[in-house]
J.: 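Starting off with a structure, shown below.
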Amino acid sequence: MSSDLDVFVGNTTLIDEEVYRLWLDGHSVAEAVARRLRGGVLEREGTSVAVLQSDTRDHYRTFQMLERLLHAPPRLLQQLLFQIPPERQALLVQRYYAFDEALARELLGKKLSKGTKKELDEVSARTGVGIRSCRRQFDNFKRVFKAVEELRGPLAENIQQLFLLPPALARDYAAIVFFANSRFETGKRRLQFLSFGDFAACAQSMMAHWSQGALAPEAAEPDGDLPKSFLQDLKELKVLVSDKDLLDQHKRDTSGMGVPVLGGPGFGGSLGGGVPALSRALVNVGGKLTHARDVRDFFVDLVEKVIEPCRSDKWSPGDLRLFLTHYTAAPRNLPGFRHQALWERYMAAISACLLRMYHD
Amino acid sequence: MPGKLKVKIVAGRHLPVMDRASDLTDAFVEVKFGNTTFKTDVYPKSLNPQWNSEWFKFEVDDEELQDEPLQITVLDHDTYSANDAIGKVYIDIDPLLYSEAATVISGWFPIYDTIHGIRGEINVVVKVDLFNDLNRFRQSSCGVKFFCTTSIPKCYRAVVIHGFVEELVVNEDPEYQWIDRIRTPRASNEARQRLISLMSGELQRKIGLKVLEMRGNAVVGYLQCFDLEGESGLVVRAIGTACTLDKLSNTSAFLPACNSPSKEMKESPLVHAPSHGCRSTHNSPIHTATGSRLTQNFSVSVPTLIYTGMGSGSAGKEGGPFKTLLRQQTQSALEQRGGSPRRFCARREFPFFTLTTFPPGFLLHVGGVVSARSVKLLDRIHNPDEPETRDAWWAEIRQEIKSHAKALGCHAVVGYSESTSICEEVCILSASGTAAVLNPRFLQDGTMEGCLEQRIEEASPPGCGFCHIPYDELNMPFPAHLTYCYNCRKQKVPDVLFTTIDLPVEAIVVGKGCLIQARLCRLKKKAQAEANATSISNLLPFMEYEVHTQLMNKLKLRGMNALFGLRIQITVGENMLMGLASATGVYLAALPTPGGIQIAGKTPNDGTYEQHISHMQKKINDTIAKNKELYEINPPELPEEIIGSPIPEPRQRSRLLRSQSESSDEVTELDLSHGKKDAFVLEIDDTDAMEDVHSLLTDVPPPSGFYSCNTEIMPGINNWTPEIQMFTAVRVSRLSNINPTNQTLNKNFNDLCENLLKSLYFKLRSMVPCCLCHVNFTVALPEDELVQIAVTAVAITYDKNQALQANKAPTEKSQQRASTDNEEQLQFPLELSSDPLSSQPFSPAKEALEGASSHTGIPAAQRATSVDYSSFADRCNSWIELIKLKAQTIRRGSIKTTTSLEKASPLAEGYLRHRSVPSGTNSTVSVVKMTPLSFLPGAKITKYLGIINMFFIRETTSLREEGGVSGFLHAFIAEVFAMVRAHVAALGGNAVVSYIMKQCVFMENPNKNQAQCLINVSGDAVIFVRESELEVLPAPPPAAAAQPAGSAGDVTT
């Protein structure tokens, strides 16, 4: 005797967290049942496999019907079809939009296009995340990206509003959107030591300090794009390296203020004329940001030109922090340097990024 | 010209994309009532149109108001071709027609289409202005209240219970009309939905007229059913119990249905919304204050009003031939004039009551279950206005029931219900109820049959009186074994009692109850017309006999001696009949302890056989012992001498009287006692009997922490906690035997039911300890070999520690004390504060949300990277705050709608901020509870808003794409729930009680990738207030002031 039709509908929609997890991970009903069996539910509840199958199918159907609504979480709150307590709704949304950091790391800076989606097989193999789950997460990234790319205002806040995500998750999504928008290169081998968390933190800093929203909350441009005027202004900073006097003065001030540490072996030694080289690198990174192609190399440049030299000179993170603090502050005393505010805004994000990235 | 209906179309949201090119919709709305149609403007290019229409006004007769549903159709405007229908909303405006119910219908309704299901929502406001009608010969019955609840609704008092009302209307089924050949199934299904809506309205109006004739003002236990007779038409029939109800004034601490004074209605004046329109002008302040009057428009034509006039000095208006019946003694002192005794008006043709729960003292004796079935051949109804044949069929069956009741020495039938099962042109009509003797003091004029006189006796003890036999001991209608009542030792009681009613509150029960089911299949030859009808009616007695035997055996196996809520369903299919009986078994202290079950072999000389028998016997004895432990059945041991007669050898006897009749009207009485045999000896003389014994033992008790029953409340559990989960489960199984026999079919059917129950227990495991209440199975045989079972029930959690009455945790004790303290506090005047309802809908959820925030929020925060977010902190509202805010901005019927969150034009909306979100944009949906019970645990129903009676058809031509049959039905049932909830919310309610799914007809054609389903549901929309909140919230001063009087009155009773 076979059951052709078998449904259970509660006035309050039943959500089984375990089954939801299995569904999100992209398991089929059969796989989910097998996993639940392994979990020992049979022994605990003294029930039968058939019951477990029927239960799993019911939940899967519910989730499939809910998925459409999960694509626009505010609708989940407004819809009348499923009566779900608010805390359960929040859980559904949060779990649905939660992502594997390994996967997100792979996709950072990539264009969220069909082409990328086709490559998900490899990503799945590399990260060990099931292919269905990969696709779902990719679609989430893309959906969030599409929804906020044209919106003005703080990215994370927009995402939080539109997708009702917890703040931390919304900030992570903001980072993903920010990377996808500027198409930063993150796949190079020398960048492999950086985790998703590192990049996300960098994105937060850059948006916090550089974007329009950081200065004027009612600004006209989306947060995901770095403001053009700001990038244009960064060129002015080149004066710090192009003008020999300023460069020397800057170097002197920096080393002068930090005598106790920076006079140590690291600084005087192998780096030699390191401060000018670092200085040039730091300023040039900013100057290049007007060109989209150079923007992509932002992180590569930082690693290549700043982090690696410092590392080979065995600077401790403390050393780097000290250096950056003084280096940022130094131009204050430079005569004729008119871009102090701009410089500090620029360096605030650069310093935050460098400090975050400076690890093995 | 007694009424003006006003409708305003406010807005729509989440409409489907109707224009593929623009991904948008140009929507407009048609509002139709009767033959008048209004249209809104087209709102171009939006999925969230803001029509904000004017008030569309329909000036109509109240007859029309009762019959017609308000039809709202949402369409997509198309310049070049015909406008496309998006979907429809049918609104039953009946709840607006009596002043005590809703005053306005306002809210978001799902737009429903028979093919696509729910397609967005529409916000509608509906009002009715009624004028008084002095015409005595009018055809309308506005003002008569309808309740599905099968007890006197809480917050009302029964002044008179008039008795049985019934009516049926017939029509041709649009699906079988000639036009159906040329129109689409969608058009035909829409025509059916509309027709049934219309017929329900008409039926309700006609029943209302009968109630008015009886001088009642309400119908309780209203049950309306559809018979889809196919070719021969569509029958809508209804039965109910006419009553005169009195809205409880604040002083009434003695409503029979409610138990403690402090739990009594504390109706805030705010709940008594002043009636609107012309009605309010007639409201005298006194009446509003006592809250005990009928609607004004009704009162004009029926001058004999009943009112309590408690302390209001309004007694001058009194008069009329009947009054103040069914009332507690405390009140008679206050009001009864002329000392007229409580009477009960039951002179009707059929002294039937659809109620299953009665005020204490109403039910004197219960005779047993009476049932009647009849097999009919359907023929086309020639004249729909004179549905004589159908009326005659039912009259015949009712007559039979009545005579059965008389044979049991009873003058009334309670817990009465009727049902049909149709297969092709054969129809089985069934009726059943419980023969009973009602308190003559409640009866009017003593017009009941003569048998009454003998029964007028000294008051029986309340705990056992209803068990005492109503019939003459020397002239018993059937062989029965009687003993003296184990409780009072004065009267005779039978050894087992079967009833269709709920367990009376006052009954003394030992241990807990449990769900008992008898399941049965019988093969039948395929046949046509009369041959078919004959073979069915030949089978019926045997089925009844077996169902009865099974019930009896299962009852014994659980060590119990009474069944309540018995419902026997016989379903007819092409090639088989199925019987499913459900009931709740209990151990009544008044009845004798049931004996065990003995099995005897026929060939006693065979050694191995005997061994086998003794093995079985042992198993049965073990099961009985185990069940006794499980259900905590430890009756006090009684020394036999006290009883005066030895505890009798238990013998089976039937308390079921029934008969079958074919169309030829021949009536056969069936003696169900097993002749001279000792019934508890199961003789195993062939394999059939062996199977029977085996099947007895296959019923698995529910897993620990679960109890189940099919009555309102579980006997033996009374400490419910507020969590409830109502659900519907449907299964269709194929009985795929090539050569099915009765045995294999029985086993299959049995497994199907058992597995379904098992699956329910597993689903609801997170609610343990809990009880499945009102478990209602319905069986259908949609096709050859297909069995469909639908279950609707509610799971209610309870406090286990209190239930066990042992090892109470000290905290619980203090909690209990706190709650009793609070109850005591209610005896004193409390300060009046704001509207209790405004703070009501979501607060439990909010608390839960706070709990969730600590759960879900923190891990996410920990996962966050170490960047300093301080710059964001002041800008970002916490996520939890956001959702909370959304939860708080619930505004039912809010006319502000979304502007900023729509994806349609994100650029225009620009910057998203909290403050830019208009209130109402994110209005979360208010929670609506649903339950098949008449109450909500831990809550008090403060207002009945009207009956919900909805009929939907859903069809698909893309079954596979919609997830197959399961996906299709799952979505449909969810949609039905959603539409019920939306209607309740629009009436201002927050729950549906006495919810029932009366019909679920599912048909599929997998080859064509098609399926269709019809669902009919009903219930009572109510407003409830949590008792915990009630304790905090104020009682209005007058109520509080009158409270001591009420409780004092209680003491005297």
J.: Any cation-pi pair here, A/Arg57 with A/Tyr60, using under 6.0 Å and within 45°?
T.: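 Ring-cation test returns no.
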
J.: At a 4.5 Å cut-off on heavy atoms, which part of B/Ala790 comes close to chain A: side chain, backbone, both, or neither?
T.: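 B/Ala790 has no heavy atom closer than 4.5 Å to chain A.
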
J.: Among B/Thr931, B/Thr728, B/Leu760, which residue forms the greatest number of heavy-atom pairs with chain A at distances under 4.5 Å?
T.: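 Highest number of heavy-atom pairs under 4.5 Å: B/Thr728.
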
J.: When heavy-atom pairs shorter than 4.5 Å are enumerated against chain A, which of B/Gln725, B/Met930, B/Met726 gives the highest number?
T.: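 Answer, by heavy-atom pair count under 4.5 Å with chain A: B/Gln725.
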
J.: Pick one of side chain, backbone, both or neither for B/Ala974, based on which atoms fall under 4.5 Å of a heavy atom in chain A.
T.: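 Both parts, heavy atoms under 4.5 Å.
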
J.: With a 4.5 angstrom heavy-atom cut-off, which part of A/Asp58 approaches chain B: side chain, backbone, both or neither?
T.: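 Both parts, backbone and side chain.
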
J.: Heavy-atom cut-off 4.5 Å, strictly under: side chain, backbone, both or neither for B/Tyr761 against chain A?
T.: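 Looking at B/Tyr761, nothing touches chain A.
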
J.: What part of A/Ser195 gets closer than 4.5 Å to chain B, counting heavy atoms only: side chain, backbone, both or neither?
T.: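 Looking at A/Ser195, nothing touches chain B.
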
J.: Is it the side chain or the backbone of B/Leu764 that comes within 4.5 Å of chain A heavy atoms, both, or neither?
T.: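 Just its side chain gets close to chain A.
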
J.: Should we say atom CZ of A/Arg321 is surrounded by more than 12 heavy atoms from elsewhere, each under 6.0 Å from it?
T.: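 It does not: A/Arg321 CZ has 12 such atoms or fewer within range.
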
J.: Tell me, for B/Leu786 versus chain A, whether the close heavy atoms (under 4.5 Å) come from the side chain, the backbone, both or neither.
T.: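 Contact with chain A involves the side chain of B/Leu786 alone.
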
J.: Given that the side chain runs from C-beta out, which part of A/Thr47 has a heavy atom under 4.5 Å from chain B: side chain, backbone, both or neither?
T.: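 The answer is the side chain of A/Thr47.
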
J.: Using the ring-ring contact (aromatic ring centres under 6.0 Å, His included) definition, which of the options B/Phe109, B/Trp108, B/Phe977 pairs with B/His983?
T.: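 So the option named by the test is B/Phe109.
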
J.: Salt bridge between A/Asp16 and B/Arg765, side-chain N to carboxylate O under 4.0 Å?
T.: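 A salt bridge is present here (some side-chain N lies under 4.0 Å from a carboxylate O).
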
J.: Quick one: do the A/Tyr173 and A/Gln160 side chains pair a donor with an acceptor below 3.5 Å?
T.: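 Not at all, the side chains of A/Tyr173 and A/Gln160 share no donor-acceptor pair under 3.5 Å.
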
J.: So for B/Val794, is it side chain, backbone, both, or neither that comes closer than 4.5 Å to the heavy atoms of chain A?
T.: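 Neither the backbone nor the side chain of B/Val794 comes within 4.5 Å of chain A.
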
J.: At a 4.5 Å cut-off on heavy atoms, which part of B/Glu121 comes close to chain A: side chain, backbone, both, or neither?
T.: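 The answer is the side chain of B/Glu121.
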
J.: Counting heavy-atom pairs under 4.5 Å with chain A, which one of B/Ile118, B/Ile973, B/Val928, B/Leu969 comes out on top?
T.: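 Winner by heavy-atom pair count: B/Val928.
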
J.: Quick check for you: among A/Thr62, A/Thr12, A/Leu52, which has the greatest number of heavy-atom pairs under 4.5 Å with chain B?
T.: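 Counting heavy-atom pairs under 4.5 Å, the top option is A/Thr12.
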
J.: Side chains of A/Phe145 and A/Ile176: closer than 4.5 Å at any heavy-atom pair?
T.: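 No; the side chains remain at least 4.5 Å from each other.
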
J.: What option among B/Gly120, B/Gly964, B/Ala729, B/Pro110 has the most heavy-atom pairs under 4.5 Å with chain A?
T.: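 Of B/Gly120, B/Gly964, B/Ala729, B/Pro110, B/Ala729 has the most heavy-atom pairs under 4.5 Å with chain A.
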
J.: Looking at B/Glu1004, B/Lys763, B/Lys758, which one has more heavy-atom pairs under 4.5 Å with chain A than the rest?
T.: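 Winner by heavy-atom pair count: B/Lys763.
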
J.: Counting distance only, does the side-chain N/O of A/Arg345 pair as donor-acceptor with the main-chain N or O of A/Trp210 below 3.5 Å?
T.: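 Checked: pair present.
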
J.: Below 4.0 angstrom, N of the basic side chain to O of the carboxylate: do A/Glu17 and A/Arg88 qualify?
T.: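 Salt bridge: yes.
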
J.: B/Ser966, B/Ala978, B/Ser759: which one forms the most heavy-atom pairs within less than 4.5 Å of chain A?
T.: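 Highest number of pairs under 4.5 Å: B/Ser966.
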
J.: So, A/Asp100 versus A/Gln137: side-chain donor-acceptor pair below 3.5 Å or not?
T.: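 Their side chains do contain a donor-acceptor pair, which is all the 3.5 Å distance test asks for.
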
J.: Heavy-atom pairs under 4.5 Å with chain B - which of A/Ala50, A/Gly10, A/Ala352 has more of them than the others?
T.: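 Sorted descending by pairs with chain B, the first entry is A/Gly10.
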
J.: Are A/Phe299 and A/Phe199, when compared by the centres of their aromatic rings, separated by less than 6.0 Å?
T.: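 Ring-ring flag for A/Phe299/A/Phe199: true, centres closer than 6.0 Å.
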
J.: Salt bridge or not between A/Lys142 and A/Asp139? Use side-chain N to carboxylate O under 4.0 Å.
T.: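 No, no charged N to carboxylate O under 4.0 Å.
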
